[in-house]
Amino acid sequence: MPELPEVETIARELQAVMPTSRIIGLEIRLPKMIKLPVNRFRRNVVGATVGRVHRRAKLLLIDISTGQTIIIHLKMSGQLIWRSVTGRLRVGGHPIPGGTEALPNAYSHVIVATNRGTLFFNDQRQFGFVKMIPTASLEHWLEDEGYGPEPLSDEFTLDVFEEILRRHRVKRIKPTLMDQTVIAGIGNIYADEALFYAKIRPTRRIHTLRPDERKNLWKGIRHVMTLAIKYKGTTADAYRTANGQPGGMLPFLRAYGRDGLPCKRCGTIMKKITLAGRGTHYCPGCQQ
DNA sequence: TTCAATGTTTAGAC
DNA sequence: GGTCTAAACATTGA
């Protein structure tokens with residue numbers, strides 16, 4: 001499930017419980033999830049102490065005491081579940097059928113055991129991955145990957161956004177928002193939401209955006225991301241219900257998944273189209 | 001049975 | 001060279 005707010009939620013939850021725990025075991029049930037030689041991964045991970053858990057773009061980052069950072073991408077259906085030794089669960093990512101009571105389950109591909117609890121990396125569709133980079137070269141690695149600015153950082157000013165739009169003026173706005181090298185962390189849900197906020201149709205060519213629309217879109221991106229983090233993402237806290245009900249942000253979505261329903265702003269029936277291969281939801285009444 | 005799913009990459013067409 | 005679409009990855013469920 002995860003876009004920036006969901007991964008941020010997971011990072012914060014894990015940061016609250018994992019640091020200073022010692023990794024005492026590692027089970028790799030599906031080796032293809034680990035994008036480096038499994039032996040090298042194991043050698044650096046087992047016996048290490050967990051440092052900071054943080055996030056960049058949609059990547060979850062776990063610093064460990066061997067000077068490495070574990071990088072996890074959840075892609076479409078990944079989830080991370082922390083089960084403390086007392087049995088308390090913290091879940092992030094896609095809800096799993098049947099809830100979280102039985103762990104590990106058929107989708108638990110990587111299991112990291114520590115003295116304080118166990119981290120399960122589950123992924124139904126197996127698109128996610130685990131990498132490992134020396135912490136000292138993490139920034140450099142991220143730069144090489146080409147990620148754009150964090151939308152909630154001070155660096156992401158209106159001027160920076162305007163410059164981004166100038167670089168991509170012939171493209172359509174929604175796929176550009178979702179391009180991780182343009183801005184980091186915006187996915188399909190929050191692209192639709194930010195465009196709804198700014199009353200901009202997702203198919204608009206960037207050069208047709210007026211100054212007020214560009215500013216509203218910049219505000220919309222930050223507003224939507226901030227709100228989603230506040231509510232712990234759109235499904236990230238599905239663990240509260242055993243049957244995988246969606247998370248706290250869902251009632252606040254105004255575009256995603258609302259095709260066929262009246263627009264919350266103007267009442268027009270919302271539409272869904274396919275754009276760049278992704279379901280795209282908008283109001284034909286007030287998004288021009 | 002067919003299609004779509006919160007992501008990303010790649011091949012090909014224009 | 002730039003931009004766009006479809007397909008691929010694997011699985012499930014509507």
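Chain A is the first sequence line, chain B the second, and so forth, proteins listed ahead of strands; every chain is numbered from 1.
- Across the protein-nucleic acid pair, A/Met76 atom CE and B/dA4 atom P stand 12 Å apart, rounded to whole Å.
- Closest contact between the side chain of A/Arg172 and the listed nucleotides B/dG7, C/dT5, C/dA10 involves C/dT5.
- Whole-Å rounding puts the A/Leu4 CG to B/dG7 P distance at 11 Å.
- Summarising the geometry, the separation between NZ on A/Lys171 and P on B/dC14 is reported as 21 Å, rounded to the nearest angstrom.
- Between A/Tyr231 and A/Phe252, the angle of the ring planes stays under 30°, which puts this pair in the parallel group of the 30/60° scheme.
- Within the 4.0 angstrom heavy-atom criterion, only backbone atoms of the sugar-phosphate kind lie near A/Gly187; the bases stay farther away.
- Nucleic acid contact class of A/Gly279 (heavy atoms, under 4.0 Å, all strands): sugar-phosphate only.
- Note on A/Arg169: every side-chain N or O is 4.0 Å or more away from OP1 and OP2 of C/dG2.
- Salt bridge absent: A/Glu213 and A/Lys215 never bring a charged side-chain N and a carboxylate O closer than 4.0 Å.
- Comparing A/Lys32 and A/Val170 by the nucleotide of DNA chain C whose heavy atom lies nearest to each, the residue mapping closer to the 5' end is A/Val170.
- For the OP1/OP2 pair of B/dG7 and a distance below 4.0 Å, the side-chain nitrogens and oxygens of A/Lys58 include at least one atom meeting the criterion.
- Comparing B/dT8, C/dT11, C/dT3 by their closest approach to the side chain of A/Gln180 singles out B/dT8.
- Checking the phosphate oxygens (OP1, OP2) of B/dG7, a side-chain nitrogen or oxygen of A/Arg278 falls inside 4.0 Å.
- Here the nucleotide nearest the side chain of A/Ala276, chosen from C/dA10, C/dT5, B/dG7, is C/dT5.
- Within the structure, every side-chain polar atom (N or O) of A/His73 is placed at least 4.0 Å from both OP1 and OP2 of B/dG7.
- A/Lys174 and A/Thr280 are linked by a side-chain donor-acceptor pair at a separation below 3.5 angstrom, with hydrogens and angles left out of the test.
- In summary, the side chains of A/Gln287 and A/Tyr197 do not present any donor paired with an acceptor at a separation below 3.5 Å, with no hydrogens or angles considered.
- The shortest distance between the side-chain N/O atoms of A/Tyr107 and the OP1/OP2 oxygens of C/dT12 is below 4.0 Å.
- In this model, the phosphate group of B/dC3 is not approached by any side-chain N or O of A/Lys272 to a distance below 4.0 Å at OP1 or OP2.
- Per the stacking criterion (ring centres < 5.5 Å, plane angle < 30°), A/Phe127 stacks onto the base of C/dC9.
- Using the Watson-Crick or G-U wobble rule with both distances under 3.5 Å, C/dA10 pairs with nothing in any strand shown.
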